Amino acid sequence: MHHCHDITLWSVFSQLGALSPSGAIRPFSSAADGLLIGEGTGMVVLRRLSDALAAGQPIYAVVHGTGVASDGRDSSLLRPRVEGQVLALERAWADAQLPIDRLGLIEAHGTATSAGDATEIDTLHRFLGHDGPPIGLGSVKSMIGHLMPAAGIAGFIKAVMAVRDRVLPPTLHVGDPHPALAGSRLAPVIDAAEWQGETALAAVNAFG
């Protein structure tokens, strides 16, 4: 949940130089120049799969694993570290115990800040490598802004609906993708596309 559009919050992010001067949030675009702040609340119902099946309840998606790590010490909030983010991914995938070549979508943190996007792309390259089938990349922030502590649940809900509907959902305002994505497995989803493959498997980043 994040409902805090007050002058202090905007002033702090303005002084940090994190807000987009052009007034648009463009995750993973070469034209990305900062974030926009949004508000919202997200809620999901979690239940053991066996209990949901026994009760005949609709199942949108199954959570196979999670992982958490600290970025470690650095100069500021806006200077995330690759090492800590890679560790979070490694822990999540070890918990999930699923073949990584089945991954079809990464719902990324995607702040549209220069340091944030570059660090996240570097993180994903180190973790996934450059060889293998393409993986869709997107961020719900392009549509609703950065919801601060609610950003992770917004991305999670988007990924769950994508898995349920077997659709790779688009990310807005990508335009010319970030140069670090050239020759990469990571393919920004610019237009909605049908999910390929037998199983729909997504990952969600809530780095911050």
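From a predicted model like this one, the values you see are computed outputs, not experimental measurements.
I144 CD1 to I25 CD1: the interatomic distance, rounded to the nearest 0.5 Å, is 9.0 Å.
Scanning all heavy atoms of the two residues, the minimum distance from S20 to L36 falls at CB-CD2, 4.1 Å. A pairwise comparison of heavy atoms in T66 and D95 identifies N-OD2, 3.0 Å as the closest pair. Heavy atoms only, all atoms of each residue included: P169 and L105 are closest at CD-CD2, 4.1 Å. Nearest heavy atom pair, residue H173 against residue S29, reads O-CB, 3.6 Å.
Using cut-offs of 30° and 60° for the angle between ring planes, the H109 and H146 rings count as perpendicular.
Cluster annotation: V140 is connected to L147 through the hydrophobic network of ILVMFWY side chains, with a link wherever side-chain heavy atoms come within less than 4.5 Å.
By the 4.5 Å heavy-atom criterion applied to side chains, Q57 and R47 are counted as neighbours. In this structure the side chain of N205 never reaches within 4.5 angstrom of the side chain of T123, judged on heavy atoms. Side-chain atoms of I190 and T171, non-hydrogen and from C-beta on, never get closer than 4.5 Å to each other. You'll find the side chain of I37 reaches within 4.5 Å of the side chain of M148, heavy atoms only. Taking the side chain as every heavy atom from C-beta outward, P179 and S30 approach each other to under 4.5 Å. Counting only heavy atoms from C-beta outward, the side chains of F28 and L186 never approach each other to under 4.5 Å. For the pair S184 and H125, the minimum side-chain heavy-atom distance is below 4.5 Å. Here the side chains of V160 and F156 are in contact, with some heavy-atom distance below 4.5 Å.
In summary, the side chains of H3 and T41 do present a donor paired with an acceptor at a separation below 3.5 Å, with no hydrogens or angles considered. Looking at R26 and S22, their side chains do bring a donor and an acceptor atom within 3.5 Å of each other.
One N or O on the side chain of S142 and one on the backbone of S139 form a donor-acceptor pair closer than 3.5 Å. With hydrogens and angles ignored, the 3.5 Å screen pairs no side-chain donor or acceptor of K141 with any backbone N or O of P27. Looking only at distances, a side-chain donor or acceptor of W93 sits under 3.5 Å from a matching main-chain atom of L98.
Tested against R185 for a side chain to side chain contact (heavy atoms under 4.5 Å, CB included), the candidates L128, L103, L124 yield a single pass: L128.
Residue pairs that meet the salt bridge (Lys or Arg N to Asp or Glu O under 4.0 Å) test with at least one member in residues 101-122, sequence neighbours left out, are E107-K158, D122-R126.
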